[in-house]
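Everything on this sheet refers to the single structure shown next.
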Amino acid sequence: MAVSLLSHELSDLCLGKPALRSLSITSTIAEALEVLKTSDDNFVSIWNCDDDECCSRCVGKVCIVDVICYLCKDENFVSPSIALKQPVSVLLPKIPGLIIHVEPSCSLLEAIDLILEGAQNLVVPIKTRVLNNKRSKQQQKPFCWLTQEDIIRFLLSFIGLFSPISSFSIDTLNIISPNTLTIEYHSPASAAIGAISRALVEQTSVAVVDSERTLIGEISPFTLACCDETVAAALKTLSSMDLMAYIDCGGLPEELVKVVSAKLKEKNMNGMLQHFTVSMSCGGFSSSSSSDEEYSSSSMAVQVSPFSRPGRISRSMSYSARMVRRSEAIVCHPKSSLVAVMIQAIAHRVNYVWVIEEDCSLVGIVTFSDMLKVVRESFETMA
């Protein structure tokens, strides 16, 4: 069975994976926002397109959180509609190697090594049957991508091969990282914007703690990605504690809406105030508007909250644990076994699990990358 696992190629993991929704790198942030609002995926892939299909490559990915953090910059917060006209390329992190193109024949071991070297998404061509032995020039070659979650989920099918290591505690395996992103619950949520951006890149989260480092909750990019870009206004005006309440309410608590509006008015943030006011009744920024005072008729047509974006309303709540747990942190203990933590992360569809003591004090965090390091070392004994 070990030989069977080692013989797997990435094409085996791609079975049933949907083709990527793609966007040209020359597109605007507003266009990316529209695609994200009508997609079941939290990310849209960004491509450096070329007339020659063979030269087109995925150069990054963006999600709602990228837009939120971008709008929170002072120069963009003043006039959101102008900021949304900028090219989507300004949202891409300047970190090489996050997106890697690989062939379907790439081995599972090679894929794990690429992820441990820093890759987040492996872009894989989807094998398709070409009719009449030719492909239309207009027909783009489909791709899918594999994530750390896909690799971990696949490895769980062979977890018995990693015994007894899989039953060892995460403390024994020394994979608990004490280097966490944190913010105190009474601090302004705006103080966490940089940490949220970093957490998005690192595929982790920001822990909300008290003065004694007791874990209260989290501000997670995975949760924010299921919200609306109007959260930018809340991030800039509320405390961390109030932001968690703002996210946790399926509908918007009227008192917090008033607080956000009042603080925007107090700071003379008229552009954001107008957008925020309209979004409370129309479900989002008018990203296609030509000025801060103009709003598109399409954005005025649907009445939804920032926590049920158009395109996400029909998404199964049982399928996405992120939509259910919101700011509630997923936790384990130092003595939790590796397999238990892997299953816990997969079940909640996150790339990490917080580690706490019995008194809820924060110890650290365990990530998929940490788990894969242990698994990779186990492969050496199988070869």
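The shown structure was predicted, so the numbers you read here are calculated from the model rather than taken from an experiment.
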>> Please find the pair of heavy atoms, one from L10 and one from A111, that lie closest to each other, and give the distance.
In response: CD2-CB, 3.5 Å
>> Donor-acceptor check, side chain of K335 to backbone of S169, threshold 3.5 angstrom: yes or no?
In response: no
> Closest approach of G118 and L98, non-hydrogen atoms and distance?
Replying inline: O-CD2, 3.7 Å
> Is the side chain of H101 donor-acceptor paired with the backbone N or O of C58 at a distance under 3.5 Å, no angle test?
Replying inline: yes
> Quick check: does any side chain N or O of S39 sit under 3.5 Å from a backbone N or O of D41, one acting as donor and the other as acceptor?
Replying inline: yes
> Which value, rounded to the nearest 0.5 Å, describes the distance between S11 atom OG and E9 atom CD?
Replying inline: 5.0 Å
> Is there a side-chain contact between I115 and I100, using heavy atoms and a 4.5 Å cut-off?
Replying inline: no
> Is there a donor-acceptor pair under 3.5 Å between the side chain of S197 and the backbone N or O of I193?
Replying inline: yes
> Charged N to carboxylate O below 4.0 Å: is that the case for E149 and R153?
Replying inline: yes
>> The test is side-chain contact (heavy atoms from CB on, under 4.5 Å); show your working for L20 and W145 and say whether it passes.
In response: CA-CA 7 Å; L20 288 175; W145 62 22; 3.4 Å; yes
> Does the side chain of V209 reach to within under 4.5 Å of the side chain of I216, using non-hydrogen atoms?
Replying inline: no
> Do S378 side-chain atoms and V374 backbone N/O form a donor-acceptor pair below 3.5 Å?
Replying inline: yes
> Can you find a side-chain donor-acceptor pair between S45 and W47 that sits under 3.5 Å?
Replying inline: yes
> Is the backbone of G160 close enough, under 3.5 Å, to the side chain of S163 for a donor and an acceptor to pair up by distance?
Replying inline: no
>> Apply ring pair (Phe, Tyr, Trp, His ring centres under 6.0 Å) to residues F158 and F162 and explain how you reach the verdict.
In response: CA-CA 8 Å; F158 299 86; F162 303 100; 8.3 Å; no
>> Does this structure show an ion pair linking K17 with D150, if we count only N-O contacts that are shorter than 4.0 Å?
In response: yes
>> Quick check for you: to the nearest 0.5 Å, what is the distance between M244 atom CE and E328 atom CD?
In response: 9.5 Å
> Does a sphere of radius 6.0 Å around CD in E75 hold more than 12 heavy atoms from other residues, nucleotides or ligands, not counting ones at 6.0 Å or beyond?
Replying inline: yes
> Does the side chain of E229 come under 3.5 Å of the side chain of Y70 through a donor N or O and an acceptor N or O?
Replying inline: no
> Going by heavy atoms in the side chains, are S81 and S79 under 4.5 Å from each other?
Replying inline: yes
> What are the two closest heavy atoms between A232 and L71, and how far apart are they?
Replying inline: CB-CB, 4.1 Å
> In terms of side-chain geometry, is the basic nitrogen of D40 or R21 positioned less than 4.0 Å from the acidic oxygen of its partner?
Replying inline: no
>> Restricting to non-hydrogen atoms, name the atom on P221 and the atom on T204 that form the minimum distance, rounded to 0.1 Å.
In response: CD-O, 3.5 Å
>> Test side-chain contact (heavy atoms from CB on, under 4.5 Å) on I151 and T147; report intermediate values, then the result.
In response: CA-CA 7 Å; I151 302 293; T147 64; over 6 Å; no
> Hey, does the side chain of E110 reach the backbone of S107 with a donor-acceptor pair shorter than 3.5 angstrom?
Replying inline: yes
>> Distance check, rounded to the nearest 0.5 Å: L92 atom CG versus I99 atom CD1?
In response: 9.0 Å
> Which heavy atom in I64 sits nearest to a heavy atom in C227, and how many Å separate them?
Replying inline: CG2-O, 4.0 Å
> In Å, rounded to the nearest 0.5 Å, how long is the span from CZ of F77 to OG of S190?
Replying inline: 9.5 Å
> If only atom types and distance count, is the side chain of S240 paired as donor or acceptor with the main-chain N or O of S187 below 3.5 Å?
Replying inline: yes
>> If I compare all heavy atoms of V88 with all of S24, which pair ends up nearest, and what's the gap?
In response: CG1-O, 3.9 Å
> Hey, is CG on D12 packed in by over 12 heavy atoms from elsewhere, all under 6.0 Å?
Replying inline: yes
> Hey, are the side chains of L238 and Y246 touching, using non-hydrogen atoms and a 4.5 Å cut-off?
Replying inline: yes
>> If we ignore hydrogens and angles and just use 3.5 Å, is the side chain of D210 paired with the main-chain N or O of T214 as donor and acceptor?
In response: yes
> Do the non-hydrogen side-chain atoms of S261 and K258 ever get within less than 4.5 Å of each other?
Replying inline: no
>> side chain to side chain donor-acceptor pair (under 3.5 Å), that's the test. Do S205 and E218 meet it? Break it down for me.
In response: CA-CA 7 Å; S205 184; E218 66 175 354; 2.9 Å; yes
> Would R376 and L109 count as a side-chain contact (heavy atoms from CB on, under 4.5 Å) if you check the C-alpha gap in whole Å, the side-chain angles of each, and the deciding distance to 0.1 Å?
Replying inline: CA-CA 8 Å; R376 183 63 181 90; L109 276 177; 3.7 Å; yes
> Is the backbone of S239 close enough, under 3.5 Å, to the side chain of H186 for a donor and an acceptor to pair up by distance?
Replying inline: no
> Considering only heavy atoms from C-beta outward, does the side chain of M342 approach that of I159 to under 4.5 Å?
Replying inline: yes
Show me the donor-acceptor pairs, under 3.5 Å and distance only, between side chains in residues 361-368 and residues at least two apart or in other chains.
unit_1	atom_1	unit_2	atom_2	d
S361	OG	D359	OD1	2.7
T367	OG1	S369	N	3.4
T367	OG1	D370	N	3.2
T367	OG1	D370	OD2	2.9

> Knowing that exactly one of N121, D66, N42 qualifies, which makes a side-chain hydrogen bond (donor to acceptor under 3.5 Å, both in side chains) with K61?
Replying inline: N121
>> Can you tell me how far apart OG (S89) and CD1 (I46) are? Round to the nearest 0.5 Å.
In response: 9.0 Å
> Is a side-chain donor-acceptor pair under 3.5 Å present for T180 with T182?
Replying inline: no
> Do the non-hydrogen side-chain atoms of L146 and F154 ever get within less than 4.5 Å of each other?
Replying inline: no
>> In the structure I gave you, are the side-chain heavy atoms of Q203 and Q120 within less than 4.5 Å of one another anywhere?
In response: yes
>> Under the side chain to side chain contact (heavy atoms under 4.5 Å, CB included) test against V67, which residue among V231, V62, L84 passes?
In response: L84
> How long is the span from the OG1 atom in T28 to the CD atom in E34, to the nearest 0.5 Å?
Replying inline: 9.0 Å
> Yes or no on side-chain contact (heavy atoms from CB on, under 4.5 Å) for I170 and C332, after CA distance, side-chain angles and deciding distance?
Replying inline: CA-CA 10 Å; I170 54 175; C332 67; 3.7 Å; yes
> Relative to the ring of Y352, is the ring of F222 parallel (under 30°), tilted (30 to 60°) or perpendicular (over 60°)?
Replying inline: tilted
>> Going by side chain to side chain donor-acceptor pair (under 3.5 Å), name the residues that satisfy it together with S166, two or more places apart in sequence or in a different chain.
In response: none
